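Heads up, the thing below is written out as structure tokens.
All heavy atoms count here, side chains included; hydrogens, waters and symmetry mates do not. Predicted, not measured: the structure shown is a model, and the values here were computed from it.
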Amino acid sequence: ISKNQDGFIAENKALTVCGYGMSPARAFENVREKIAHFRKYYTSLPKEKVTGEASRLKKLFKQIPTHGIKYKLFKNSKKEV
């Protein structure tokens, strides 16, 4: 999470997802919401419909658990979801 003049930015570079907020907690929540959205999107695409970067992202998003399992979104984050 980093701070700029407009607020805070939370980023997951591997998934190419950023979240924004006026506090670190809101930025983290925003990126978490986006990851959930894109996970649903990419994992629903048929394998034959994705190539290149979309194929890479589909594989990564499939590794993210959906419910009941705690995981860290950020390498150095203490917060689990």
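At a threshold of 4.0 Å, the pair Glu33-Arg26 counts as salt-bridged, since one of the basic side-chain nitrogens sits closer than that to a carboxylate oxygen.
Counting heavy atoms of neighbouring residues, nucleotides and ligands inside a 6.0 Å radius, atom CD of Gln5 does not exceed 12 of them. Counting heavy-atom neighbours within 6.0 Å of Lys3 NZ, excluding the residue itself, gives a total above 12.
For the pair Lys58 and Thr43, the tightest heavy-atom approach, listed with the atom from each and the gap, is NZ-O, 3.4 Å. For the pair Ala27 and Phe8, the tightest heavy-atom approach, listed with the atom from each and the gap, is CB-O, 3.6 Å.
Side-chain contact between Arg56 and Thr16: present, with at least one pair of heavy atoms (C-beta onward) separated by less than 4.5 Å.
To the nearest 0.5 angstrom, Glu53 atom CD is 8.5 Å from Leu60 atom CG. To the nearest 0.5 Å, atoms CG (Leu15) and CD1 (Ile35) are separated by 5.5 Å. Here Lys49 contributes atom NZ and Ser55 contributes atom OG; the two are 14.5 Å apart, rounded to the nearest 0.5 Å. Within the model, atoms CD1 of Ile9 and CD1 of Ile1 stand 10.5 Å from one another, a figure rounded to the nearest 0.5 Å.
Each ring pair (Phe, Tyr, Trp, His ring centres under 6.0 Å) pair with one or both residues in residues 37-61, not counting sequence neighbours, appears once here: Tyr42-Phe61.
A search for side-chain contact (heavy atoms from CB on, under 4.5 Å) contacts involving Lys47 returns nothing, not counting sequence neighbours.
Remark: the backbone N or O of Tyr20 is paired with a side-chain donor or acceptor of Asn30 at under 3.5 angstrom.
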